[in-house]
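Structure first, then comments.
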Amino acid sequence: MNKTERQETVESLTEQFRGSPNLYVTDFSGLNVLRLTEFRRRLRAAGVSYVVVKNTLAQRALAGLVLAGKDPVAAAKVLTDFIREFEKPAIKIGLVDGRPVTGDQVKRLASLPPREVLLSQLAGAMQAPVAQLGGLLNGILYQMVGALEALRAQRSKQSPD
């Protein structure tokens, strides 16, 4: 690889980093081609890309990058499931919304429910008090109507015909 190609590779990586606020650094050594292909297939199915970078181009710290895109949980789930199954790749470090996370934190992130489930749980939690208030107000209205009906019935008995 000549100097121009290396520079283009670094620029391409920089562009990918800017487009992905979430990434995980892995050590894929020990994975054979078949398992690495399966790993990439699972990541692609989750909408995540996997980039293998020469150590010299990534300052010897970045051997493999999982660019998680907008949903860091999906990539974390694929990573931890694959590691549980094959004991590789090892998660070195991650970056979630611009903040560094450890491999253990990535595993905890993977245990979260998907974003859609969390949002629906939040919506349900917000809806419950509103529904209770609506039921309470409805009950008060029925009591008021009942009291007015009782008052009307009482007055109609008291009035001479």
Side-chain angles (χ1 to χ4, degrees), residues 11-28 31 35-53 58 61-161:
E11 288 174 5
S12 173
L13 281 173
T14 304
E15 183 86 18
Q16 289 177 342
F17 292 157
R18 286 187 186 134
S20 180
N22 309 300
L23 65 95
Y24 304 112
V25 180
T26 64
D27 177 9
F28 67 91
L31 279 176
R35 286 193 176 156
L36 189 58
T37 303
E38 174 64 16
F39 184 53
R40 286 179 187 241
R41 185 191 63 77
R42 290 181 189 184
L43 288 170
R44 195 173 25 257
V48 177
S49 60
Y50 187 72
V51 179
V52 176
V53 181
L62 306 175
L65 303 176
V66 177
L67 303 176
K70 297 192 185 304
D71 186 8
V73 176
K77 284 183 185 297
V78 173
L79 272 169
T80 55
D81 289 346
F82 199 85
I83 290 169
R84 193 176 305 117
E85 190 173 341
F86 299 108
E87 299 178 5
K88 298 272 182 201
I91 302 170
K92 290 183 176 181
I93 193 167
L95 190 66
V96 176
D97 290 331
R99 288 185 229 118
V101 293
T102 65
D104 290 334
Q105 289 172 322
V106 172
K107 290 175 185 174
R108 283 193 304 212
L109 186 63
S111 67
L112 290 174
R115 183 176 190 272
E116 294 76 23
V117 173
L118 287 174
L119 288 175
S120 66
Q121 288 174 347
L122 177 64
M126 291 173 61
Q127 182 184 5
V130 174
Q132 288 176 344
L133 178 63
L136 178 67
L137 292 176
N138 197 20
I140 291 172
L141 284 174
Y142 277 120
Q143 287 177 352
M144 191 169 153
V145 168
L148 288 174
E149 280 295 318
L151 182 63
R152 185 184 62 79
Q154 182 184 13
R155 287 199 176 161
S156 67
K157 286 183 184 177
Q158 290 178 355
S159 66
D161 285 325

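By convention here, the first residue in the shown sequence is residue 1. What you are looking at is a predicted structure, and each value in this text was computed from that prediction instead of being measured.
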> Roughly how far apart are Gln132 CD and Gln127 CD, rounded to 0.5 Å?
Replying inline: 11.0 Å

>> Within this structure, what is the OH-CZ distance for the pair Tyr50 and Phe28, rounded to the nearest 0.5 Å?
In response: 5.5 Å

> Just by modelled atom types, is the Val101 backbone N or O under 3.5 Å from a matching donor or acceptor in the Tyr24 side chain?
Replying inline: no

Show which side-chain atoms of residues 73-90 pair as donor or acceptor with protein atoms under 3.5 Å away, not counting sequence neighbours.
| from | atom 1 | to | atom 2 | distance (Å) |
| --- | --- | --- | --- | --- |
| Lys77 | NZ | Ala110 | O | 2.7 |
| Lys77 | NZ | Leu112 | O | 2.6 |
| Thr80 | OG1 | Ala76 | O | 2.9 |
| Thr80 | OG1 | Lys77 | O | 3.2 |
| Asp81 | OD1 | Arg84 | NH1 | 2.9 |
| Glu85 | OE1 | Arg42 | NH1 | 2.9 |
| Glu85 | OE1 | Arg42 | NH2 | 3.0 |
| Glu85 | OE2 | Arg42 | NH2 | 3.3 |

>> Between Glu38 and Arg35, does any NZ, NE, NH1 or NH2 come within less than 4.0 Å of an OD or OE carboxylate oxygen?
In response: no

pair [X]-[Y]: side-chain heavy atoms closer than 4.5 Å:
| X | Y | answer |
| --- | --- | --- |
| Asn22 | Asp97 | yes |
| Leu122 | Met126 | yes |
| Thr102 | Gln105 | yes |

> Which pairs pass ring pair (Phe, Tyr, Trp, His ring centres under 6.0 Å) with one or both residues in residues 97-131, sequence neighbours excluded?
Replying inline: none

Counting only pairs under 3.5 Å, give me each side-chain donor-acceptor contact of residues 134-146, with atom names and distances, residues two or more places apart or in other chains.
none

> Shortest non-hydrogen contact from Pro100 to Leu95?
Replying inline: N-CD1, 3.8 Å

